[in-house]
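Report on one structure; see the data block that follows.
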Number of protein chains: 2
Amino acid sequence: MPAAPKTSAEDIVAAALKLLETRGLDAVNMQAVAVAAGIKGPSLYKRYATRDLLLDDVAREGLLDLEARMGPARTVAAKARAYRQFALERPQLYGLLYAAREEGGDLVARRGEVAKPIIEALGSLAAARLLTAWLHGFVSMELAGAFRLGGDTEKDFEWGLSRLLESSGDARG
Amino acid sequence: MPAAPKTSAEDIVAAALKLLETRGLDAVNMQAVAVAAGIKGPSLYKRYATRDLLLDDVAREGLLDLEARMGPARTVAAKARAYRQFALERPQLYGLLYAAREEGGDLVARRGEVAKPIIEALGSLAAARLLTAWLHGFVSMELAGAFRLGGDTEKDFEWGLSRLLESSGDARG
DNA sequence: ACCTGAACACCGTTCAAGT
DNA sequence: ACCTGAACACCGTTCAAGT
(Lines give C-alpha, C1' and ligand atoms only; values in the text may rest on other atoms or scores of the structure.)
Protein backbone atom coordinates (compact mmCIF):
# COMPACT_ATOMS: atom_id res chain seq x y z
CA MET A 1 0.00 0.00 0.00
CA PRO A 2 1.39 3.46 -0.86
CA ALA A 3 2.23 5.42 2.26
CA ALA A 4 1.25 9.02 2.94
CA PRO A 5 4.16 11.33 3.86
CA LYS A 6 3.97 12.67 7.41
CA THR A 7 6.03 15.71 6.60
CA SER A 8 7.44 17.79 3.76
CA ALA A 9 10.78 19.13 2.62
CA GLU A 10 9.69 22.61 3.70
CA ASP A 11 8.77 21.44 7.19
CA ILE A 12 12.07 19.63 7.58
CA VAL A 13 14.20 22.59 6.55
CA ALA A 14 12.06 24.92 8.65
CA ALA A 15 12.52 22.65 11.67
CA ALA A 16 16.27 22.55 11.09
CA LEU A 17 16.46 26.35 10.75
CA LYS A 18 14.57 26.79 14.00
CA LEU A 19 16.85 24.37 15.85
CA LEU A 20 19.89 26.08 14.35
CA GLU A 21 19.04 29.57 15.54
CA THR A 22 17.59 28.60 18.90
CA ARG A 23 20.03 25.93 20.02
CA GLY A 24 23.03 26.03 17.70
CA LEU A 25 24.51 23.78 15.03
CA ASP A 26 25.12 20.81 17.33
CA ALA A 27 21.41 20.69 18.09
CA VAL A 28 20.66 20.21 14.42
CA ASN A 29 21.03 16.45 14.54
CA MET A 30 19.08 13.98 12.46
CA GLN A 31 17.01 12.73 15.37
CA ALA A 32 16.01 16.20 16.62
CA VAL A 33 15.21 17.53 13.16
CA ALA A 34 13.15 14.46 12.31
CA VAL A 35 11.10 14.60 15.50
CA ALA A 36 10.57 18.35 15.10
CA ALA A 37 9.25 17.60 11.62
CA GLY A 38 6.94 14.85 12.84
CA ILE A 39 8.89 11.73 11.88
CA LYS A 40 11.64 9.59 13.44
CA GLY A 41 15.37 9.82 12.84
CA PRO A 42 15.85 7.02 10.33
CA SER A 43 13.02 8.30 8.14
CA LEU A 44 14.98 11.44 7.45
CA TYR A 45 17.44 9.35 5.45
CA LYS A 46 14.72 8.79 2.85
CA ARG A 47 15.15 12.46 1.94
CA TYR A 48 18.72 13.29 2.92
CA ALA A 49 21.39 10.65 2.55
CA THR A 50 23.66 12.43 5.04
CA ARG A 51 23.46 15.20 7.61
CA ASP A 52 25.77 17.33 5.47
CA LEU A 53 23.29 17.22 2.61
CA LEU A 54 20.56 18.35 4.97
CA LEU A 55 22.76 21.21 6.15
CA ASP A 56 23.43 22.13 2.54
CA ASP A 57 19.72 22.52 2.02
CA VAL A 58 19.43 24.61 5.18
CA ALA A 59 22.23 26.83 3.90
CA ARG A 60 20.56 27.07 0.50
CA GLU A 61 17.36 28.26 2.15
CA GLY A 62 19.38 30.73 4.21
CA LEU A 63 21.02 32.11 1.08
CA LEU A 64 17.61 32.65 -0.47
CA ASP A 65 16.55 34.57 2.62
CA LEU A 66 19.71 36.63 2.43
CA GLU A 67 19.15 37.42 -1.24
CA ALA A 68 15.55 38.38 -0.50
CA ARG A 69 16.81 40.68 2.21
CA MET A 70 19.34 42.37 -0.04
CA GLY A 71 17.13 42.49 -3.09
CA PRO A 72 15.04 45.56 -2.27
CA ALA A 73 18.10 47.61 -1.29
CA ARG A 74 18.79 49.89 -4.23
CA THR A 75 22.34 51.08 -3.53
CA VAL A 76 25.37 48.93 -2.88
CA ALA A 77 25.71 50.60 0.52
CA ALA A 78 22.16 49.62 1.41
CA LYS A 79 22.81 46.07 0.23
CA ALA A 80 25.88 45.90 2.41
CA ARG A 81 23.91 47.10 5.44
CA ALA A 82 21.19 44.54 4.75
CA TYR A 83 23.85 41.84 4.52
CA ARG A 84 25.29 42.81 7.89
CA GLN A 85 21.86 43.02 9.51
CA PHE A 86 21.02 39.55 8.30
CA ALA A 87 24.23 38.18 9.80
CA LEU A 88 23.66 39.93 13.12
CA GLU A 89 20.08 38.71 13.35
CA ARG A 90 20.80 35.11 12.38
CA PRO A 91 24.39 34.49 13.45
CA GLN A 92 24.16 30.70 13.55
CA LEU A 93 22.70 30.61 10.06
CA TYR A 94 25.33 33.02 8.79
CA GLY A 95 28.05 30.80 10.23
CA LEU A 96 26.56 27.82 8.43
CA LEU A 97 26.45 29.64 5.08
CA TYR A 98 30.20 29.88 4.92
CA ALA A 99 31.11 26.53 6.46
CA ALA A 100 32.27 24.59 3.41
CA ARG A 101 31.01 21.04 3.27
CA GLU A 102 29.94 18.85 0.40
CA GLU A 103 32.24 18.99 -2.61
CA GLY A 104 29.54 17.79 -4.96
CA GLY A 105 26.97 20.39 -3.95
CA ASP A 106 26.29 23.66 -5.64
CA LEU A 107 26.58 25.73 -2.47
CA VAL A 108 29.68 27.52 -3.73
CA ALA A 109 27.80 28.60 -6.83
CA ARG A 110 24.80 29.67 -4.76
CA ARG A 111 27.03 31.78 -2.55
CA GLY A 112 28.26 33.43 -5.71
CA GLU A 113 24.70 34.48 -6.52
CA VAL A 114 24.68 36.78 -3.51
CA ALA A 115 27.62 38.71 -4.91
CA LYS A 116 26.21 39.09 -8.42
CA PRO A 117 24.17 42.26 -7.89
CA ILE A 118 27.21 43.85 -6.27
CA ILE A 119 29.45 42.91 -9.18
CA GLU A 120 26.93 44.38 -11.59
CA ALA A 121 26.47 47.57 -9.60
CA LEU A 122 30.19 48.16 -9.20
CA GLY A 123 30.99 47.15 -12.74
CA SER A 124 34.24 45.51 -11.72
CA LEU A 125 35.00 42.01 -10.45
CA ALA A 126 38.01 43.22 -8.50
CA ALA A 127 36.05 46.01 -6.82
CA ALA A 128 33.25 43.60 -6.00
CA ARG A 129 35.70 41.14 -4.46
CA LEU A 130 37.20 43.93 -2.41
CA LEU A 131 33.81 44.86 -1.02
CA THR A 132 32.43 41.35 -0.50
CA ALA A 133 35.64 40.13 1.14
CA TRP A 134 35.56 43.08 3.52
CA LEU A 135 31.86 42.56 4.19
CA HIS A 136 32.24 38.87 4.96
CA GLY A 137 35.37 39.49 7.01
CA PHE A 138 33.83 42.32 8.97
CA VAL A 139 30.68 40.50 10.01
CA SER A 140 32.57 37.26 10.66
CA MET A 141 34.94 39.04 12.98
CA GLU A 142 32.10 40.96 14.56
CA LEU A 143 30.20 37.73 15.25
CA ALA A 144 33.37 36.10 16.59
CA GLY A 145 33.78 38.95 19.06
CA ALA A 146 36.94 40.26 17.44
CA PHE A 147 35.84 43.86 17.88
CA ARG A 148 34.90 43.36 21.50
CA LEU A 149 37.58 45.69 22.84
CA GLY A 150 37.16 49.36 22.17
CA GLY A 151 36.05 51.32 19.18
CA ASP A 152 32.63 51.92 17.72
CA THR A 153 31.79 48.95 15.53
CA GLU A 154 28.85 50.69 13.94
CA LYS A 155 30.95 53.69 13.01
CA ASP A 156 33.83 51.53 11.77
CA PHE A 157 31.43 49.67 9.51
CA GLU A 158 30.11 52.85 7.99
CA TRP A 159 33.59 54.30 7.67
CA GLY A 160 34.88 51.21 5.91
CA LEU A 161 31.85 51.09 3.67
CA SER A 162 32.18 54.69 2.49
CA ARG A 163 35.94 54.23 2.09
CA LEU A 164 35.36 51.21 -0.16
CA LEU A 165 32.67 52.90 -2.18
CA GLU A 166 34.67 56.07 -2.75
CA SER A 167 34.91 56.89 -6.43
CA SER A 168 32.89 53.85 -7.36
CA GLY A 169 29.87 55.85 -8.43
CA ASP A 170 27.53 54.29 -5.89
CA ALA A 171 24.87 56.56 -4.47
CA ARG A 172 25.03 56.82 -0.70
CA GLY A 173 22.20 54.86 0.91
CA MET B 1 54.71 5.34 43.21
CA PRO B 2 54.91 8.59 41.16
CA ALA B 3 54.35 7.87 37.50
CA ALA B 4 56.56 9.10 34.67
CA PRO B 5 54.71 10.98 31.90
CA LYS B 6 54.78 9.19 28.57
CA THR B 7 54.28 12.37 26.62
CA SER B 8 54.38 16.14 26.85
CA ALA B 9 52.11 19.10 26.12
CA GLU B 10 54.30 19.94 23.12
CA ASP B 11 54.03 16.43 21.68
CA ILE B 12 50.27 16.41 22.13
CA VAL B 13 49.72 19.73 20.37
CA ALA B 14 52.20 18.76 17.65
CA ALA B 15 50.34 15.49 17.10
CA ALA B 16 47.04 17.34 16.91
CA LEU B 17 48.45 19.88 14.44
CA LYS B 18 49.75 17.11 12.22
CA LEU B 19 46.40 15.32 12.25
CA LEU B 20 44.62 18.59 11.54
CA GLU B 21 46.56 19.46 8.42
CA THR B 22 46.88 15.95 7.05
CA ARG B 23 43.40 14.58 7.73
CA GLY B 24 41.16 17.46 8.73
CA LEU B 25 39.40 18.62 11.87
CA ASP B 26 37.26 15.50 12.28
CA ALA B 27 40.42 13.40 12.49
CA VAL B 28 41.56 15.40 15.50
CA ASN B 29 39.69 13.26 17.99
CA MET B 30 40.82 12.48 21.51
CA GLN B 31 41.69 8.86 20.74
CA ALA B 32 43.73 9.62 17.63
CA VAL B 33 45.60 12.52 19.21
CA ALA B 34 46.37 10.48 22.31
CA VAL B 35 47.70 7.50 20.39
CA ALA B 36 49.75 9.77 18.12
CA ALA B 37 51.26 11.25 21.28
CA GLY B 38 52.02 7.85 22.78
CA ILE B 39 49.17 7.48 25.28
CA LYS B 40 45.58 6.22 25.23
CA GLY B 41 42.45 8.29 24.81
CA PRO B 42 41.31 8.60 28.42
CA SER B 43 44.78 9.76 29.54
CA LEU B 44 44.39 12.88 27.46
CA TYR B 45 41.72 14.05 29.87
CA LYS B 46 44.40 14.46 32.53
CA ARG B 47 45.64 17.43 30.51
CA TYR B 48 42.58 18.63 28.60
CA ALA B 49 39.19 18.42 30.25
CA THR B 50 37.42 18.62 26.89
CA ARG B 51 38.24 18.37 23.21
CA ASP B 52 37.41 22.05 22.77
CA LEU B 53 40.11 22.99 25.26
CA LEU B 54 42.61 20.90 23.33
CA LEU B 55 41.54 22.64 20.12
CA ASP B 56 41.96 25.98 21.84
CA ASP B 57 45.56 25.08 22.57
CA VAL B 58 46.09 23.99 18.98
CA ALA B 59 44.68 27.32 17.81
CA ARG B 60 46.89 29.17 20.28
CA GLU B 61 49.94 27.42 18.86
CA GLY B 62 48.74 28.24 15.36
CA LEU B 63 48.37 31.91 16.25
CA LEU B 64 51.94 31.96 17.54
CA ASP B 65 53.11 30.47 14.25
CA LEU B 66 51.13 33.09 12.38
CA GLU B 67 52.60 35.91 14.44
CA ALA B 68 56.09 34.51 13.91
CA ARG B 69 55.39 34.46 10.20
CA MET B 70 54.20 38.05 10.11
CA GLY B 71 56.79 39.39 12.52
CA PRO B 72 59.76 39.75 10.15
CA ALA B 73 57.67 41.50 7.52
CA ARG B 74 58.45 45.20 7.80
CA THR B 75 55.63 46.82 5.86
CA VAL B 76 51.93 46.31 6.38
CA ALA B 77 51.68 45.05 2.81
CA ALA B 78 54.32 42.42 3.51
CA LYS B 79 52.53 41.41 6.72
CA ALA B 80 49.30 41.02 4.78
CA ARG B 81 51.01 38.81 2.21
CA ALA B 82 52.55 36.70 4.95
CA TYR B 83 49.12 36.35 6.54
CA ARG B 84 47.62 35.11 3.28
CA GLN B 85 50.49 32.74 2.61
CA PHE B 86 50.07 31.22 6.05
CA ALA B 87 46.37 30.64 5.41
CA LEU B 88 46.99 29.10 1.99
CA GLU B 89 49.68 26.79 3.32
CA ARG B 90 47.77 25.66 6.39
CA PRO B 91 44.11 25.97 5.48
CA GLN B 92 42.77 23.60 8.10
CA LEU B 93 44.66 25.40 10.83
CA TYR B 94 43.49 28.76 9.53
CA GLY B 95 39.91 27.53 9.65
CA LEU B 96 40.38 26.46 13.23
CA LEU B 97 41.79 29.84 14.28
CA TYR B 98 38.55 31.59 13.56
CA ALA B 99 36.11 28.90 14.70
CA ALA B 100 34.83 30.35 17.95
CA ARG B 101 34.55 27.87 20.78
CA GLU B 102 35.21 28.18 24.50
CA GLU B 103 33.73 31.28 26.05
CA GLY B 104 36.09 31.16 28.99
CA GLY B 105 39.24 30.94 26.89
CA ASP B 106 41.49 33.79 25.86
CA LEU B 107 41.46 32.90 22.19
CA VAL B 108 39.61 36.06 21.26
CA ALA B 109 42.28 38.13 22.97
CA ARG B 110 45.04 36.10 21.32
CA ARG B 111 43.49 36.68 17.92
CA GLY B 112 43.60 40.36 18.72
CA GLU B 113 47.37 40.14 19.16
CA VAL B 114 47.77 39.34 15.48
CA ALA B 115 46.15 42.65 14.55
CA LYS B 116 48.20 44.77 16.96
CA PRO B 117 51.22 45.44 14.72
CA ILE B 118 48.83 46.45 11.96
CA ILE B 119 46.96 48.83 14.22
CA GLU B 120 50.25 50.39 15.29
CA ALA B 121 51.58 50.68 11.77
CA LEU B 122 48.41 52.23 10.42
CA GLY B 123 47.91 54.46 13.43
CA SER B 124 44.13 54.08 13.29
CA LEU B 125 41.84 51.44 14.74
CA ALA B 126 39.26 51.99 12.02
CA ALA B 127 41.84 51.67 9.25
CA ALA B 128 43.25 48.53 10.88
CA ARG B 129 39.78 47.00 11.11
CA LEU B 130 39.20 47.79 7.47
CA LEU B 131 42.37 46.02 6.46
CA THR B 132 42.10 43.03 8.82
CA ALA B 133 38.45 42.45 7.97
CA TRP B 134 39.26 42.47 4.27
CA LEU B 135 42.27 40.22 4.83
CA HIS B 136 40.31 37.66 6.82
CA GLY B 137 37.38 37.83 4.44
CA PHE B 138 39.55 37.51 1.36
CA VAL B 139 41.47 34.44 2.49
CA SER B 140 38.36 32.85 3.99
CA MET B 141 36.53 33.20 0.71
CA GLU B 142 39.57 32.09 -1.22
CA LEU B 143 39.86 28.94 0.91
CA ALA B 144 36.13 28.32 0.57
CA GLY B 145 36.46 28.40 -3.21
CA ALA B 146 34.44 31.59 -3.58
CA PHE B 147 36.79 32.95 -6.24
CA ARG B 148 36.79 29.73 -8.21
CA LEU B 149 35.10 31.20 -11.23
CA GLY B 150 37.04 33.70 -13.27
CA GLY B 151 39.36 36.51 -12.41
CA ASP B 152 42.94 36.50 -11.22
CA THR B 153 42.89 35.97 -7.46
CA GLU B 154 46.52 36.92 -7.07
CA LYS B 155 45.99 40.19 -8.90
CA ASP B 156 42.76 40.92 -7.04
CA PHE B 157 44.57 40.47 -3.75
CA GLU B 158 47.31 42.90 -4.71
CA TRP B 159 44.81 45.34 -6.12
CA GLY B 160 42.73 45.29 -2.95
CA LEU B 161 45.80 45.59 -0.81
CA SER B 162 47.14 48.65 -2.57
CA ARG B 163 43.67 50.16 -2.65
CA LEU B 164 43.36 49.75 1.12
CA LEU B 165 46.83 51.09 1.80
CA GLU B 166 46.41 54.14 -0.40
CA SER B 167 47.19 57.31 1.51
CA SER B 168 47.90 55.36 4.67
CA GLY B 169 51.63 56.07 4.53
CA ASP B 170 52.66 52.44 4.30
CA ALA B 171 55.73 51.72 2.25
CA ARG B 172 55.08 49.24 -0.55
CA GLY B 173 56.56 45.80 0.24
C1' DA C 1 6.46 4.78 -1.22
C1' DC C 2 7.28 6.14 3.29
C1' DC C 3 7.73 5.03 8.20
C1' DT C 4 9.67 2.52 12.31
C1' DG C 5 12.47 -0.11 16.00
C1' DA C 6 16.60 -2.33 16.57
C1' DA C 7 21.23 -2.41 15.79
C1' DC C 8 26.15 -0.96 14.73
C1' DA C 9 30.20 2.04 14.63
C1' DC C 10 32.38 5.88 16.31
C1' DC C 11 33.48 9.40 19.53
C1' DG C 12 33.45 12.33 23.86
C1' DT C 13 33.74 11.50 28.48
C1' DT C 14 33.85 9.15 33.19
C1' DC C 15 35.64 6.06 36.50
C1' DA C 16 37.67 2.50 39.17
C1' DA C 17 41.87 0.27 39.35
C1' DG C 18 46.77 -0.19 38.21
C1' DT C 19 51.95 1.55 38.75
C1' DA D 1 50.94 11.63 39.57
C1' DC D 2 49.94 9.60 35.36
C1' DC D 3 48.20 5.66 32.71
C1' DT D 4 44.74 2.06 31.34
C1' DG D 5 40.51 -0.94 30.16
C1' DA D 6 35.78 -0.97 30.61
C1' DA D 7 31.75 1.38 30.39
C1' DC D 8 28.09 4.96 29.20
C1' DA D 9 25.69 8.43 26.43
C1' DC D 10 24.96 10.35 22.19
C1' DC D 11 24.79 10.59 17.30
C1' DG D 12 25.23 9.26 12.25
C1' DT D 13 23.82 5.65 9.62
C1' DT D 14 21.94 0.98 8.03
C1' DC D 15 18.51 -2.44 7.59
C1' DA D 16 14.77 -5.60 7.91
C1' DA D 17 10.08 -5.34 8.62
C1' DG D 18 5.73 -2.84 8.83
C1' DT D 19 1.66 -0.13 6.31
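Proteins come first, then strands; the chains are lettered A, B, ... in the order of their sequence lines, and each starts at number 1. Values below: all heavy atoms of this structure, side chains included; hydrogens, waters and symmetry mates excluded.
- Atoms CG (B/Asp11) and P (D/dC2) sit 15 Å apart, rounded to a whole Å.
- If you take CG of B/Asp26 and P of D/dT13, they are 11 Å apart, rounded to a whole angstrom.
- Qualifying side chain to side chain contact (heavy atoms under 4.5 Å, CB included) partners for A/Ser8, counting only residues two or more places apart in sequence or in other chains: A/Glu10, A/Asp11.
- By the 6.0 Å contact criterion, CD on B/Gln31 is open, its count of non-hydrogen atoms from other residues, nucleotides or ligands being 12 or less.
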Q | Dot-bracket summary - DNA chain C, pairs being Watson-Crick or G-U whose distances fall under 3.5 Å, with | when paired to another strand | A | ||.|||||...|||||.||
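- For the pair B/Leu54 CG and C/dC11 P, the interatomic distance rounds to 15 Å; values are reported in whole Å.
- Ring geometry for B/Tyr94 against B/His136 counts as tilted: the plane angle lies between 30° and 60°, on a 0 to 90° scale.
- Side-chain atoms of A/Arg51 lie closest to D/dT13 of the nucleotides D/dT13, D/dC2, C/dT13.
- In this structure the side chain of B/Arg81 reaches within 4.5 angstrom of the side chain of B/Phe157, judged on heavy atoms.
- Of all the heavy atoms in B/Ala16 and B/Val28, the pair that sits closest is O-CG2, 3.9 Å.
- Nearest heavy-atom pair, A/Asn29 versus A/Arg51, reported as atom, atom and distance to 0.1 Å: CA-NE, 4.2 Å.
- Using a 4.0 Å cut-off between charged nitrogen and carboxylate oxygen, A/Glu89 and A/Arg69 count as a salt-bridge pair.
- At a non-hydrogen distance threshold of 4.0 Å, B/Ile39, B/Lys40, B/Pro42, B/Ser43, B/Lys46 from residues 31-48 of chain B come into contact with DNA chain D.
- Among all heavy-atom pairs drawn from B/Lys6 and B/Ile39, the shortest one is CB-CG2, 3.8 Å.
- If you measure from atom CG of A/Asn29 to atom P of D/dC11, you get 5 Å, rounded to the nearest angstrom.
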